[in-house]
Amino acid sequence: PLMIINYEPPKNNLFVYSYGIPDPTLVHVTKDARDLAEAFNSQQGKLFTSIQRQVYNTASNTNTQAIKKSIRDIVNDYYEFKRIRKDDILLIYFSSHGSLIKDEFYLHPSDYDPLYEEETTISLLRDVQIKLKDIPCKKLLFIDACHSGAAASPLQVSNGQKGTVFDQDLADALVRL
């Protein structure tokens, strides 16, 4: 006898958080953030059940505190509000200036002040990666910034654990880019 099985793999939800931190020397960052978030529109109902997009590309929603709060909002969307599930995909995109400070990669928010670097930068490791690491969904992190290859470098954090897990040769190659 002929048996027909119709199988459709489960579709996950996609959550896109796209940051284009405005700066007069980076002409396209705000548009890039918007364009990346919109690039997935045609995949709703096809590749993904639903697509949630959040674009941060104004000076007021890309300052230091606003970015840190938006990362906390992602954590809350999983733990408190149950909007993000373990099978979902989280895509985070940053387009901005970046720098290495004491061998650690930092993003420059819209209120960046070189005289107050510690207070006006976003540590990719401590403010983003560590905050999101316990959310058990798939995470994609795209960084379009100077020195972003250094974000792949394994870094020691205060408890002695490595901050990121990458092959050292790959990390070194990315730093040289």
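For clarity, every value in this text was computed on a predicted model and none was experimentally measured.
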D88 side-chain N/O to N13 backbone N/O, donor-acceptor pair under 3.5 Å: yes

Close side-chain approach of D127 to T121, heavy-atom, < 4.5 Å: no

Cluster link I92 to I89, ILVMFWY, side chain under 4.5 Å: no

Residue pair I130 / K133, side-chain heavy-atom distance below 4.5 Å: yes

Verify same cluster id: V55, I122 (apolar side-chain graph, 4.5 Å): no

Exceeds 12 heavy-atom contacts within 6.0 angstrom, atom NZ of K11: yes

For D111, the option from T62, T120, T64 that meets side chain to side chain donor-acceptor pair (under 3.5 Å): T64

Closest approach of I51 to Q43 (non-hydrogen atoms, all atoms of both residues): CD1-C, 3.8 Å

Side chain to side chain donor-acceptor pair (under 3.5 Å) between T58 and N61, intermediate numbers included: CA-CA 5 Å; T58 66; N61 68 13; 3.0 Å; yes

Expected output: side-chain Q44 to main-chain S50 donor-acceptor under 3.5 Å: no

Distance-minimising heavy-atom pair for H108 and G98: NE2-C, 3.8 Å

I67 side chain reached by Y19 side chain, heavy atoms, under 4.5 Å: yes

Path from I21 to Y93 over hydrophobic side-chain contacts below 4.5 Å: no

Enclosure of Y79 OH (heavy-atom neighbours >12, cutoff 6.0 Å): yes

Close side-chain approach of R53 to N41, heavy-atom, < 4.5 Å: yes

Cluster overlap V75 with L140, hydrophobic side-chain contacts below 4.5 Å: no

Test item: L90 and Y17 side chains (from C-beta on) under 4.5 Å apart, heavy atoms: yes

A59 versus S110, closest heavy-atom pair with distance: O-OG, 2.7 Å

Separation of I74 CD1 from R83 CZ (nearest 0.5 Å): 12.0 Å

L107 and F94, any side-chain heavy atoms less than 4.5 Å apart: yes

Side-chain touch S18/Y56, heavy atoms, less than 4.5 angstrom: no

For S96 against A145, the heavy-atom pair lying closest together: O-CB, 3.0 Å

Shared hydrophobic cluster, F15 / L132 (ILVMFWY, side-chain heavy atoms < 4.5 Å): yes

D144 (side chain) donor-acceptor with S95 (main chain) under 3.5 angstrom: no

Flag if over 12 foreign heavy atoms under 6.0 Å of CD, E118: no

Working for side-chain contact (heavy atoms from CB on, under 4.5 Å), residues E104 and L100: CA-CA 5 Å; E104 187 175 343; L100 285 176; over 6 Å; no

Heavy-atom check, side chain of Q52 versus side chain of V16, under 4.5 Å: no

Backbone of D87 reached by a side-chain donor or acceptor of N12 within 3.5 Å: yes

Cut-off 3.5 Å, no hydrogens considered: what does the side-chain donor-acceptor table look like for residues 32-40, sequence neighbours left out?
{"residue": "D35", "atom": "OD2", "partner": "K31", "partner atom": "NZ", "Å": "2.4"}

